[in-house]
Number of protein chains: 2
Amino acid sequence: MAGEAGTRMREAGLRVTRPRVAVIGALEAMRGHHTADEVHAHLARNDVALPRTSVYNSLTALADAGLVMRADVGRGAIVYEVAETWHHHFVCGRCGGVSDVPCLAGARPCLTPGEDVGAVDEAQVVFRGTCRRCLDADGGGDTAHEH
Amino acid sequence: MAGEAGTRMREAGLRVTRPRVAVIGALEAMRGHHTADEVHAHLARNDVALPRTSVYNSLTALADAGLVMRADVGRGAIVYEVAETWHHHFVCGRCGGVSDVPCLAGARPCLTPGEDVGAVDEAQVVFRGTCRRCLDADGGGDTAHEH
DNA sequence: ACTTATACTTGGACAAAGTACAAACAAGCC
DNA sequence: GGCTTGTTTGTACTTTGTCCAAGTATAAGT
Ligand SMILES: [Mn+2]
Ligand SMILES: [Mn+2]
Ligand SMILES: [Zn+2]
Ligand SMILES: [Zn+2]
């Protein structure tokens, strides 16, 4: 189980290094969407001392190789997660929560532009609005909640 | 023509202020997709001295009011443009160029998530890949071009 | 196992992008 | 004109991410 990620790295042409194994392990342990610095903090909490730069390097390499999913949801920082299936995201403008939205098609890219713009690798959809919890909170109270 | 933008601001419940008029004027003059700092630089070049903060404030207000379009294409900074019709974007991973992609539907939101996530205001699609010019350049040379 | 090429890491400095805040200002309304 | 309140403005600051050069360790070759 520990070597399973290593195998996928090697298959992707990546060297299996301590930072990369630690980073992908952290993402698996945390579940959900996390920024580079959140991953860094999680590792620090668990006594894995990695330079901030190395976390950024690892996340970039892993995302480029397709081992983790990178999503820019416009929340400021890019969020990463372990890649199971290709999907999209919904961002709540009230509380900032990010939730998954199943992809309409199964393959990537799941949409194609009408015009010819070149070669399309992927199409990421970001839905924006107010999440169910914030809508419900509006009925009762007015306070924003934490996810 | 100068007061036209002012009217739309008032209609949107915004006060018509010098920074906002200058910023929307700059976006109209520049055409295309531009970052907050690019707008700031353009104004400075045209002897309109605005604090950087004010450009950020104005762009945020104008975008929230729907007078300009805000697009996070993951290029680092958010880009703004004068809003004519709702559309999506294609980003070239080679040269960083951003081009418009006509929206599939006409209205906003143009897509709906399968699941119930709450109230969806908009759905922005970001296509990523290699633009036609970079593809063509690949055949002849190897160098990246400017847009 | 020993050697080697080079991908990767590491630390530190740096740059870009955006936010916080409080005092001064001015747009809109009477 | 005078008032109220949304905005501006200057400054400082944070957050997010990149660059670089020297050291390290992975994987391949022998
Ligand atoms: Mn996700
Ligand atoms: Mn556009
Ligand atoms: Zn919410
Ligand atoms: Zn291009």
Would you mind reporting whether L43(A) and V23(A) have side-chain heavy atoms less than 4.5 Å apart?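 They are in side-chain contact.
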Among [options], which is the nearest nucleotide to the side chain of [X]?
| X | options | value |
| --- | --- | --- |
| R20(A) | dT9(C), dG17(D), dT7(D) | dT9(C) |
| R10(A) | dT8(D), dA27(D), dT26(D) | dA27(D) |
| R15(B) | dT19(C), dT9(C), dG28(C) | dG28(C) |
| P19(B) | dT9(C), dT9(D), dA27(D) | dT9(D) |

Salt bridge or not for E28(B) and R8(B), using N-O below 4.0 Å?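 Judged by the 4.0 Å cut-off on N to carboxylate O distance, E28(B) and R8(B) do form a salt bridge.
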Whole angstrom is fine here: how far is it from [atom1] in [X] over to [atom2] in [N]?
| X | N | atom1 | atom2 | result |
| --- | --- | --- | --- | --- |
| Y56(B) | dA16(C) | OH | P | 11 Å |
| D37(A) | dG17(D) | CG | C1' | 9 Å |
| D72(B) | dT16(D) | CG | P | 13 Å |
| H34(B) | dA16(C) | NE2 | P | 19 Å |

Near-ring test H42(B)/H40(B), centroid separation under 6.0 angstrom: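 Ring centres of H42(B) and H40(B) not closer than 6.0 Å.
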Reckon R52(A) touches a base, only the sugar-phosphate, or nothing at all at heavy-atom distances under 4.0 Å?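 Base, at least one base atom sits under 4.0 Å.
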Need one value for T53(B): base, sugar-phosphate or nothing, where a base atom within 4.0 Å counts as base even if backbone is also close, heavy atoms only.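 It contacts base atoms.
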Closest nucleotide of DNA chain D for G76(A) versus for L50(B): which of these residues is on the 5' side?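 This one resolves to L50(B).
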May I ask whether L67(B) and Y56(B) are part of the same hydrophobic cluster, defined by side-chain heavy atoms of I, L, V, M, F, W, Y residues being less than 4.5 angstrom apart, directly or through others?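 No.
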